[in-house]
Protein chains: 2
Amino acid sequence: MAKPKRGVPKKVRVPTIQDVARLAKVAPATVSNVLNDSRPVAAIRKERVLAAVQALGYRPNALAASLRRKETRTIGIVVPDLTNPFFGALVHRIEELAAESDYQILLVSSNEDPKQEAARIRTLLDRRIDGLIVAPARDEVEAVSHPIGALPPTVLVDRGFGLAGFDTIAADNVEAGHRGCQHLLELGHRDIALIAMDPKLANFADRIAGYRKALAEAGAGRRARVVTGGLDVESCRTAIERELRRPDRPTAIFAASYVATLGAIKAIRAVGLDLPGDVSLLGIDDADWMEALHPYISAVAQPVEQMATEAWRLLNQRLAGGTAKSARIRLPCTLHVRESTRAVR
Amino acid sequence: MAKPKRGVPKKVRVPTIQDVARLAKVAPATVSNVLNDSRPVAAIRKERVLAAVQALGYRPNALAASLRRKETRTIGIVVPDLTNPFFGALVHRIEELAAESDYQILLVSSNEDPKQEAARIRTLLDRRIDGLIVAPARDEVEAVSHPIGALPPTVLVDRGFGLAGFDTIAADNVEAGHRGCQHLLELGHRDIALIAMDPKLANFADRIAGYRKALAEAGAGRRARVVTGGLDVESCRTAIERELRRPDRPTAIFAASYVATLGAIKAIRAVGLDLPGDVSLLGIDDADWMEALHPYISAVAQPVEQMATEAWRLLNQRLAGGTAKSARIRLPCTLHVRESTRAVR
DNA sequence: GTGAAAGCGCTAACAA
DNA sequence: TTGTTAGCGCTTTCAC
């Protein structure tokens, strides 16, 4: 048995700005000024400082600087579920942009739960993040900010569009629902079931509205069929399966999210129908695999990259002190017609 | 035009521990002791403190506490690519576990680039993270730690297995390659091409070794065909397509990663072969969609959840002062036989 | 152009 | 049990 000496911290003292100053025979302030270009420093001293920094392997303690400067160059990101490729891509891109501007990312997941979301955001605030990007679990203001109090500059992505006091970004979900449904109608479908994870979430409500609008325009307003799935693939699958087993089963499924799309494919399989022979499928949200296996899945793609870019741009503006009134940005989706949608027989 | 007053910080002063102390008529230290249970405090005072905290909406400044305590309760996570579902799931689970223990996650992506990796890790260190979990871009020690200097407790996941000074965790990649190849051999395949993104990465080297071993055991050692793809789907697709267009094309493809699997599917389509009629496909790494569209993709699944759990467990142990010698943990993979692998004609 | 000194908000050591 | 003091490592006055 090795006898583990517990809690013995390494004795290697990390050099501080004082150590550098001493070695370079200058004031700590001068070291700071050299390293941050915050004031002109004579060339001779500057060299001495740089040499000392080199010699000691000095790295400024960002914590101390943040405490003093009252700015952490850290932003929080909150997403409902990181395993969802939409949010994965979103975070990926934001992290990339943030890093370019020398910002770090504190990442938390809310697991689609407003309670957890609030709790996690609070811990982020305790760390004095400079800004926050959140894809909220719910759309209500209370859920996002009420239990938390003052927030730093915050931009809301995907959900919570239009909430007062926030810059908000979302896909044009009404148009996504409208355009998607139109596509199905053009193919001759009249019995189109739309599957939403939670029709109360604004983005689903919008997609449903667009869908209804397209239906109405085609004189098929009474044929709307909105099915509520749930937050996970299984519950969506079950709901869709039930719909497909009805005698008057739909000829097309419009799955209003990534999770719903996955559920729809599984449901169609489970019922033993042919895709797209017996039933067409149109998804919302794109993924790499949708163009791999046949039938390629037709989908209305949200502009994730753009959403990330805009989110970062808006946040950056605020971080720079911008006080423009809250932005509300709707980004257009793109319909990718592939193989899973086919003319009705 | 609104006239934007730039850079005007909000005048709302955030309450400090001093404010609470004053209001509660106690010493700041007492407030600290109440909030952290660090010393017994008389019930009367405790109540006064709590009331004052409530009244002011006081939240301790974690930055200041960290500076003083020399511990941030923050750990860094470094992954090569967050859009890869494997790393997405890994981060997701680690974040979850960390949050349960009141740790935060600073997330950075290395984009498969050791240079970027080193740079990003350095910025994490400047923030005095307590620990680090990294899925390195390369396997060499130098790449991970040499250009950086002293690291906090660090565990390496997926790559860099066995590097001295680190707890390391990886799937049993040799076995994964072995078992996978065996499965193909059992189906009668003899011309099996293995596609690796980069055969120099240890996990690919291991998978290749396992594959060769299985081949040798079947007396087909000379028939090994290792194809180098690349870091992205397209380059893998191209490489596999080339292989499939040869007159002596393989009857089975063994794609040694998620990206390679996607590339393989696309290549098989591009060449116009039937999957699995003309060619079988076995992937490494599992994904939700592999059980959605036909043919369901057979795959050797890495135990992502377990890898995350173990990573967190090991790190936690170190954070608690544990000084056991570096752990090396190999976790077994699971073969999911589905529809994309079929007996050779 | 430079240095000395104060202080960001907290906790740990020392007294009482 | 409580308060006072010092100081974590840095940046920013202010004075020279």
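Keep in mind that this is a model prediction, so the values were computed, not measured. Chain letters run A, B, ... following the sequence lines, proteins first and then strands; every chain starts at 1.
With a 4.5 Å cut-off on side-chain heavy atoms, B/Leu319 and B/Tyr103 count as touching. Two residues are said to be in side-chain contact when any heavy atoms from C-beta on lie closer than 4.5 Å; A/Ile121 and A/Leu151 meet this criterion. Looking at A/Glu117 and A/Pro136, their side chains come closer than 4.5 Å, going by heavy atoms from C-beta outward. You'll find the side chain of B/Arg159 reaches within 4.5 Å of the side chain of B/Pro80, heavy atoms only. No side-chain heavy atom of A/Thr72 sits under 4.5 Å from any side-chain heavy atom of A/Leu67.
Along DNA chain D, the nucleotide nearest B/Lys70 and the nucleotide nearest B/Ala43 are compared for position; the residue whose nucleotide lies closer to the 5' end is B/Ala43. Sequence order on DNA chain D of the closest nucleotides to A/Pro28 and B/Lys25 puts B/Lys25 first from the 5' end. Toward the 5′ end of DNA chain C lies the nearest nucleotide of A/Ala42, the other residue of the pair A/Arg69 and A/Ala42 mapping further downstream.
Using modelled atom types, one finds a donor on one side chain and an acceptor on the other under 3.5 Å when comparing B/Gln317 with B/Arg313. A donor-acceptor contact closer than 3.5 angstrom links the side chains of A/Arg127 and B/Thr74.
Of all the residues in residues 48-68 of chain A, A/Leu67, A/Arg68 reach under 4.0 Å from DNA chain C with at least one non-hydrogen atom.
When the options A/Ile169, A/Leu156, A/Thr168 are evaluated for a side chain to side chain contact (heavy atoms under 4.5 Å, CB included) with A/Arg328, the one that passes is A/Thr168. The side chain to side chain contact (heavy atoms under 4.5 Å, CB included) with B/Ile75 is formed by just one residue from the set B/Ile105, B/Leu106, B/Asn316; it is B/Ile105.
The residues A/Arg59 and B/Asp126 are annotated as salt-bridged, a charged nitrogen and a carboxylate oxygen being separated by less than 4.0 angstrom.
For the pair B/Asn33 CG and D/dG3 P, the interatomic distance rounds to 10 Å; values are reported in whole Å. Rounded to whole angstrom, the span from the CG atom of B/Asp126 across to the P atom of D/dC10 amounts to 10 Å. We find that CD1 of B/Ile17 is positioned 15 Å from P of D/dT2, with the value rounded to whole Å.
Regarding contacts with the backbone of D/dT11, a side-chain N or O of A/Ser32 is found under 4.0 angstrom from either OP1 or OP2. Regarding contacts with the backbone of D/dT2, a side-chain N or O of B/Arg45 is found under 4.0 angstrom from either OP1 or OP2. For B/Thr30 and D/dG3, the shortest distance from a side-chain N or O to OP1 or OP2 is below 4.0 Å.
Taken from CD in A/Glu71 to CG in A/Asp130, the straight-line distance is 5.5 Å, to the nearest 0.5 Å.
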Could I get a table of every N or O pair under 3.5 Å where one atom is in the protein and the other is in nucleotides 14-16 of chain D?
residue : atom : partner : partner atom : Å
D/dC14  : N4   : A/Arg39 : NH1          : 3.3

Anything under 3.5 Å between a donor and an acceptor, one on a side chain of residues 91-99 of chain A, the other on a protein residue two or more places apart or in another chain? List them.
residue : atom : partner  : partner atom : Å
A/His92 : ND1  : B/Leu82  : N            : 3.4
A/Arg93 : NH1  : A/Glu96  : OE1          : 3.3
A/Glu95 : OE1  : B/Arg120 : NH1          : 3.4
A/Glu95 : OE2  : B/Ser109 : N            : 3.3
A/Glu95 : OE2  : B/Arg120 : NH1          : 2.8

Could you tabulate the donor-acceptor pairs under 3.5 Å formed by side-chain atoms of residues 43-58 of chain B, not counting sequence neighbours?
residue : atom : partner : partner atom : Å
B/Arg48 : NE   : B/Ala24 : O            : 2.8
B/Arg48 : NH2  : B/Ala24 : O            : 3.1
B/Arg48 : NH2  : B/Lys25 : O            : 3.1

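Bracketed by its first and final contacts, the part of DNA chain C lying under 4.0 Å from non-hydrogen atoms of chain A reaches from C/dG1 to C/dG9 in 5' to 3' order.
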### Task
Given side-chain hydrogen bond (donor to acceptor under 3.5 Å, both in side chains), test A/Asp167 with A/Ser326 step by step and report yes or no.
CA-CA 5 Å; A/Asp167 291 324; A/Ser326 302; 4.7 Å; no
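The rotation axes computed at either terminus of the helix from C/dG1-D/dC16 to C/dA16-D/dT1 lie 40° apart, taking five pairs at each end and rounding to 10 degrees.
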